[in-house]
Every structure is written in C-alpha cells, then in structure tokens.
Amino acid sequence: MFVAACANFQDPDIVVDLRVLSIVAEPANQVVDISASSQPADILAQLVPTTVCALTSDPSFDGGLDWTMTMCNVAINDRCTDGTNDGSAISPQIFIGSGTIADPDTTSPEPQLCGTIQPNDDLASVLLNSIENDPLMGLGGVDYAVLLEVGDVGSDRSNDQFAAKNLQVIPRIPPTVTQNHNPTISGMTAAVDGSDAEMLPLGRCADLAATNTTPLIVNTDDVVRFTPLEPPGIHEVYVVPTIDGGSQMFTEAISYQWNAGSGSFSSDSTGGPVDVFGNTPPLYTDWTAPDSISDVTDVPLFLIQRDDRLGEAWFEACIRVMP
C-alpha cells in the first residue's frame, strides 16, 4: 500500500501547477577594484544597476500572477535571514518591486516579471551585512540575494511560491579576475524517433500561435531527442583566489535543466562537469510524448541553462502532440 501511494507522486520535471522555473540576473555578477582605504561609496560607484527577471508558469490557473521582489541575505529556506536559524545577523530587507502580470502561459508577447537593483545605500547595507557573516570577509566575493514571492491573482497568499536568486559582487583579487556572463545557446535540435536532427523553432506556444508559426509536430509516445547547441567560447575560463594568497584557474561547466508541460524525460539534468575519468557528459535528453491525450495538444518545453558562477538563461519551445 505504501509503495503504491509513493508511485502516484507527480513527476517534478512536469509543470502542472505554479512554478518559478528560473531567475536570471543581468549582469550575472560584478567585479570591483578595492584597496585598504576603499569605502562603501567607492564600491557603489563601480556598480551598475542589476535587472532580475523570473520565468514562471501555472497551467492549473487561468489568470495572472501577483509578485513581490525583496533584496536581502537569505537562509537555507529561501527566506530572508532573521537570525533564528544560525545566529547570524538579521538581514536588511529592501523592497525591489511588485506588480501583477497577465497569464504567463497564454499571453503574447510574454509578460515580463522583472525588478531592478540600484547601486545605492540600500545595496550597501545588504553587502555589509553579508560580509559580517562571512568568515573570509568577502575575499571570494560578497553574496546577496533577491527573494521572489509569487501567487495566483486572488488566491490565498499562503499558497504563494518563494524562490531566491543569488547574486555576487567580487573583488578583483587576483588582478586577472573577470566578470561572468550569462550562458546562451546557438539553437536546439530535435530528432523524432531516431530520425535526422532538425533545428527546433524556439518560442513559447502562445507566441508561435500569435505569429502563425507551426511548432514541432509529433505523435503520442514518440521519443524526441532534444540537444542544445553551444556556441564557441561559452565555457569561460575564470580565476578564484585561494586562502594562501594564490589563485586557481577553472573552466566553466554548463548544465541544463529540462521541464515540460507533459510527457517524460530520460534525464531532467544534462551537461555539467566532466566525470572522474575525464568524460564529458551528454547535453541531450530524450522526451517521450504523452500517450493519454484525445485532442491535439501543444506542450511547452522549458530549458534552463546554468554555469558555475551564478550565470543562468532560459529558453522555451513548443511541441504539438497529435492523438
């Protein structure tokens, strides 16, 4: 009885209710020059505004979403640090923005859920709070976060979803430290049931419909191999300081998170670092179309791309499943 009950859990790769799938910051991080005499104003003068945008979906609700963004230092439960969990200093909580967007799944063009962090005294207070709780006093970078709360319009606020995006300001130590850039792809291919791979039209189902663009068409139970195409130079080389005063060089690994509105994936996470034998992990995943539909169904596909240094990007596509 217990095993049967466990087997009924919803596949986490399949988006059927309210979900925050990705949060992207631009720029991905910021690098500043510091000295023994540097003051907060000197640091702020080197920073630029950071735009933070979220990808959300809620197929279970026909309506818009209410959202609020707050800047703070977050605890492990995606809430602003309040000092009760680990004895750390209570984080300042800075209001970034709030609003209501139209239905993110059916509205075209895609509604934007974005806020902007200004390089001002509010940001300085959060950065100083982060340094107070960092044993390395910011040597490897000063971390802070944006906390997103989102819920269906008119729904009980206790049902809201929370998600946090970590951000970072890095000192130029050593001098070869460079700013990170969000990753990207040059496209994505789709191969249906072992056929030759073809370029997949990127774009949300709602946007393709608005432009009379036909999405990829498959039949129930078809297996589609999706492969992201990486452009040259996507794996950035970067340097980090070591506690002995030296530095170490790394090459970014890029990972991919796969989600869809229905069907199933052979793997929900691809890419990432090489294994202990030096093998490069595959980027592709195999998606099996649903088998229990009675009408033509457009299924959204979400690809979330991440690097090693808080860089992130998302891409959306649409698959039309024929019964």
Side-chain angles (χ1 to χ4, degrees), residues 9-26 28-29 50-81 91 93-117 143-168 182-183 203-207 255-262 265 268-269 299-307 310-318:
F9 284 136
Q10 175 63 44
D11 185 343
D13 309 330
I14 305 306
V15 181
V16 298
D17 50 18
L18 179 59
R19 191 85 65 90
V20 179
L21 293 165
S22 175
I23 304 179
V24 172
E26 182 59 50
N29 67 1
T50 298
T51 301
V52 182
C53 297
L55 171 64
T56 59
S57 178
D58 189 0
S60 66
F61 181 73
D62 293 327
L65 298 176
D66 292 324
W67 62 273
T68 301
M69 279 187 187
T70 304
M71 177 174 60
C72 63
N73 293 306
V74 298
I76 58 175
N77 62 348
D78 283 347
R79 301 292 191 277
C80 295
T81 303
S91 172
Q93 299 185 32
I94 309 301
F95 174 79
I96 298 299
S98 65
T100 300
I101 62 169
D103 191 317
D105 301 296
T106 61
T107 306
S108 181
E110 184 171 12
Q112 298 297 298
L113 197 168
C114 299
T116 301
I117 300 171
D143 297 319
Y144 67 107
V146 166
L147 179 66
L148 172 65
E149 179 180 0
V150 62
D152 296 327
V153 171
S155 68
D156 187 340
R157 295 271 71 86
S158 64
N159 295 324
D160 284 2
Q161 297 291 309
F162 289 81
K165 172 63 177 179
N166 291 323
L167 299 99
Q168 195 172 58
N182 285 313
R204 302 161 60 245
C205 294
D207 294 332
S255 62
Y256 297 87
Q257 172 191 322
W258 301 88
N259 295 95
S262 62
F265 291 98
D268 62 357
S269 180
V299 178
L301 174 71
F302 307 97
L303 174 61
I304 316 303
Q305 185 185 35
R306 297 184 176 92
D307 64 24
L310 305 179
E312 191 163 338
W314 75 68
F315 306 90
E316 299 174 76
C318 186

>> Less than 4.5 Å apart, side chain to side chain, heavy atoms only: is that true for Cys53 and Trp314?
In response: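 In short, these two side chains touch, coming nearer than 4.5 Å.
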>> When you compare the side chain of Phe61 with that of Leu18, does any pair of heavy atoms fall below 4.5 Å?
In response: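 Leu18 vs Phe61: side chains apart.
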Has the side chain of [X] got a donor or acceptor atom that lies under 3.5 Å from a matching backbone atom of [Y]?
{"X": "Thr81", "Y": "Asn73", "answer": "yes"}
{"X": "Asn182", "Y": "Ala25", "answer": "yes"}
{"X": "Arg19", "Y": "Ile14", "answer": "yes"}
{"X": "Glu110", "Y": "Ser108", "answer": "no"}
{"X": "Arg204", "Y": "Pro104", "answer": "yes"}
{"X": "Asn259", "Y": "Asp13", "answer": "yes"}
{"X": "Lys165", "Y": "Leu310", "answer": "yes"}

> Which residue pairs pass the salt bridge (charged side-chain N to carboxylate O under 4.0 Å, His left out) test with at least one member in residues 98-107, sequence neighbours excluded?
Replying inline: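 Salt bridge (charged side-chain N to carboxylate O under 4.0 Å, His left out) check on residues 98-107 returns no pairs.
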>> Given Met69, which partner from the list Val150, Leu148, Thr116, Ile23 fulfils the side chain to side chain contact (heavy atoms under 4.5 Å, CB included) test?
In response: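 For Met69, the side chain to side chain contact (heavy atoms under 4.5 Å, CB included) check succeeds only for Leu148.
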> Can you find a side-chain donor-acceptor pair between Gln168 and Asn166 that sits under 3.5 Å?
Replying inline: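 Side chains of Gln168 and Asn166: no pair found under 3.5 Å.
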